[in-house]
*Asks:* 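Handing you a structure now.
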Protein chains: 2
Amino acid sequence: MENNLNKYSDVKNCPIRTVLDRFGDKWSVLVLLILGEVEKMRFNELLRTMGDISQKMLTVTLRTLEADDLVKRTIYPEVPPRVEYETTERGKSLLKHIHGLAGWAEENKLAILESRNKFKG
Amino acid sequence: MENNLNKYSDVKNCPIRTVLDRFGDKWSVLVLLILGEVEKMRFNELLRTMGDISQKMLTVTLRTLEADDLVKRTIYPEVPPRVEYETTERGKSLLKHIHGLAGWAEENKLAILESRNKFKG
DNA sequence: CGGAATCCCTTCAGATACTG
DNA sequence: CAGTATCTGAAGGGATTCCG
């Protein structure tokens, strides 16, 4: 029983610390969810869809997702330039689990906000 | 189709921003996973199991999880004091989805680290 | 034992200005 | 259009000390 816990104690190899921590930033999950609902989307479309993300953070977020091969970036050498983003197969496989989480978040949102308000610890 | 995206554009009501962002910190998911594998665990046990978390951050993390009613805290008025933590029903329902994510992270860890290394953007 | 309080450093993230 | 570069404030998180 204690053995199951070892993977979380092994700091250097823990999958949560090495993989999931990357999506624990402010924007990655949101970008993945949005790209999961469209075929492709351009940079400024994403910017407008999210509303409250800065240009810089969208760039950083997309580059990180691209590095992990969760999002694919395609540059069309036109004038003006056009760049489109879409999810990769790996990204789609991750999205299945994220949708589970997102659904849970929606279902439990009100109850959680209520608990949060009541809690005066 | 564009309608599906509205919930992500509605900054104030977006379930990702209001609920999931709380678990996007460095430790919450890990604490939940560990508590999900035992019945109860004491403060210092958690500290030792995780290995690289500070006392302060474990306290902060547990309080946040408690406020959202994902973890229950029980104080036994003994000397020396004993405090035990366990997952609530709501915490268990969240854990089902987190296990999906954790499994994905384990399965894809090596491939992702490889992608990350190859990426020189 | 299980914290709380303080200090301090690092990282995150926004604003602004500039570019191919 | 889709970025990059730089600056700066805010937040996250660690180390240390003290307490019931």
Side-chain angles (χ1 to χ4, degrees), chain A residues 8 11-12 14 16-18 20-31 34-35 38 40-68 71-86 119-121, chain B residues 11-12 14 16-18 20-32 34-35 38 40-68 71-86 119-121:
Chain A
Y8 305 128
V11 176
K12 286 303 164 199
C14 170
I16 308 299
R17 291 179 175 85
T18 58
L20 286 192
D21 271 4
R22 295 265 284 221
F23 320 129
D25 64 354
K26 196 172 176 180
W27 304 111
S28 293
V29 167
L30 213 47
V31 168
I34 291 172
L35 288 180
V38 297
K40 303 177 169 193
M41 200 177 267
R42 299 181 63 171
F43 186 86
N44 278 327
E45 272 185 285
L46 273 165
L47 212 55
R48 275 180 277 109
T49 300
M50 300 180 68
D52 59 337
I53 190 176
S54 68
Q55 198 175 45
K56 169 188 161 184
M57 289 316 298
L58 181 55
T59 301
V60 170
T61 302
L62 287 168
R63 287 298 173 286
T64 305
L65 293 173
E66 195 191 354
D68 286 7
V71 160
K72 181 184 170 193
R73 177 173 179 246
T74 308
I75 308 170
Y76 299 88
E78 308 168 352
V79 178
R82 180 161 58 101
V83 179
E84 291 185 337
Y85 295 92
E86 62 192 306
F119 184 76
K120 306 300 173 190
Chain B
V11 177
K12 286 304 165 199
C14 170
I16 308 300
R17 290 179 176 84
T18 58
L20 286 193
D21 270 5
R22 293 266 282 222
F23 320 129
D25 64 354
K26 195 172 177 180
W27 304 111
S28 293
V29 167
L30 213 48
V31 169
L32 279 173
I34 291 172
L35 288 180
V38 296
K40 302 176 170 196
M41 199 176 268
R42 300 180 63 170
F43 187 85
N44 278 327
E45 272 186 284
L46 272 166
L47 212 55
R48 274 181 275 109
T49 300
M50 300 180 68
D52 59 337
I53 191 175
S54 68
Q55 201 175 43
K56 169 189 165 184
M57 288 317 297
L58 182 55
T59 301
V60 170
T61 302
L62 287 167
R63 287 298 172 285
T64 305
L65 293 173
E66 195 192 354
D68 285 8
V71 160
K72 181 184 169 192
R73 177 173 179 246
T74 308
I75 308 170
Y76 298 89
E78 309 168 353
V79 178
R82 180 160 58 100
V83 178
E84 291 185 337
Y85 294 91
E86 62 192 305
F119 184 76
K120 307 299 174 193

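Note that the structure is predicted; figures quoted are calculated from it, not measured. Order of the sequence lines fixes the chain letters, A, B, ..., with proteins taken first and strands second; residue numbering starts at 1 for each chain.
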*Asks:* Could you tell me whether B:E78 contacts a base, only the sugar-phosphate backbone, or nothing, with contacts defined as non-hydrogen atoms closer than 4.0 Å?
*Replies:*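 No contact.
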
*Asks:* Rounded to the Å, how far apart are B:Y76 OH and C:dG3 P?
*Replies:*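 About 13 Å, once rounded to whole Å.
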
*Asks:* How many Å lie between CD1 on A:I75 and C1' on C:dG20, as a whole number?
*Replies:*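 After rounding, the reported distance stands at 12 Å.
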
*Asks:* Can you tell me how far P of D:dC1 sits from CG of A:L62, to the nearest Å?
*Replies:*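 In whole Å, D:dC1 P lies 17 Å from A:L62 CG.
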
*Asks:* Counting only side-chain heavy atoms from C-beta out, which of C:dC7, C:dG3, C:dG14 sits nearest to A:W27?
*Replies:* C:dG14

*Asks:* Over how many whole Å does the gap from B:R22 atom CZ to D:dG12 atom C1' extend?
*Replies:* 15 Å

*Asks:* Does A:P81 or A:I53 map to a spot on DNA chain C nearer the 5' end, using the closest nucleotide for each?
*Replies:* A:I53

*Asks:* Has B:R42 got a side-chain N or O lying under 4.0 Å from the OP1 or OP2 atom of C:dC1?
*Replies:* no

*Asks:* With a cut-off of less than 4.0 Å, is there a side-chain N or O of A:K26 near OP1 or OP2 of C:dG14?
*Replies:* yes

*Asks:* Can you measure A:Q55 atom CD to C:dT16 atom C1' for me and round it to whole angstrom units?
*Replies:* 11 Å

*Asks:* Measure from the side chain of B:N44, starting at C-beta and using heavy atoms only, and say which of C:dA13, D:dG13, C:dG2 lies closest.
*Replies:* C:dG2

*Asks:* Taking the side chain of B:P80 as heavy atoms from C-beta outward, which of C:dC1, D:dT4, C:dG3 is closest to it?
*Replies:*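 Per side-chain heavy atoms of B:P80, the pick is C:dC1.
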
*Asks:* Measure from the side-chain heavy atoms of A:K56 and tell me the nearest of D:dG3, D:dG13, D:dT6.
*Replies:*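 Looking only at heavy atoms from C-beta outward on A:K56, the closest nucleotide is D:dT6.
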
*Asks:* Run the side-chain contact (heavy atoms from CB on, under 4.5 Å) check on A:L46 and A:L35 step by step: do they pass?
*Replies:* CA-CA 9 Å; A:L46 273 165; A:L35 288 180; 4.2 Å; yes

*Asks:* Where do B:L58 and B:F43 come nearest, in terms of heavy atoms and distance?
*Replies:*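 The pair with the smallest heavy-atom distance is CD2-O, 3.6 Å.
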
*Asks:* With side chain to side chain donor-acceptor pair (under 3.5 Å) as the test, pick out the partner of B:Y76 among B:E84, B:R82, B:R42.
*Replies:*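 That would be B:E84; it is the only one of B:E84, B:R82, B:R42 passing the side chain to side chain donor-acceptor pair (under 3.5 Å) with B:Y76.
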
*Asks:* Ignoring the backbone of A:M57, work out which of C:dA13, D:dG3, C:dG3 is nearest its side chain.
*Replies:* C:dA13

*Asks:* Do the side-chain N or O atoms of A:R73 get closer than 4.0 angstrom to the phosphate oxygens (OP1, OP2) of D:dA2?
*Replies:* no

*Asks:* Judged by atom type as modelled, is there a donor-acceptor pair below 3.5 Å linking the side chain of A:R17 to the main-chain atoms of A:Y8?
*Replies:*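 At least one qualifying donor-acceptor pair exists.
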
*Asks:* Report yes if a side-chain nitrogen or oxygen of B:Y85 is closer than 4.0 Å to either non-bridging phosphate oxygen (OP1 or OP2) of C:dG3; otherwise report no.
*Replies:* yes

*Asks:* Starting at CZ of B:F23 and ending at P of D:dG12, how long is that distance when rounded to a whole Å?
*Replies:* 15 Å

*Asks:* Starting from the C-alpha separation in whole Å, work towards a yes-or-no answer on side-chain contact (heavy atoms from CB on, under 4.5 Å) for A:D68 and A:F23.
*Replies:* CA-CA 11 Å; A:D68 286 7; A:F23 320 129; 4.1 Å; yes

*Asks:* Would you mind reading off the distance between A:M41 atom CE and D:dC1 atom C1', rounded to a whole angstrom?
*Replies:* 16 Å

*Asks:* Measure the distance from CG on A:D25 to P on D:dA11 and round it to the nearest whole Å.
*Replies:*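 Roughly 17 Å, once rounded to whole Å.
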
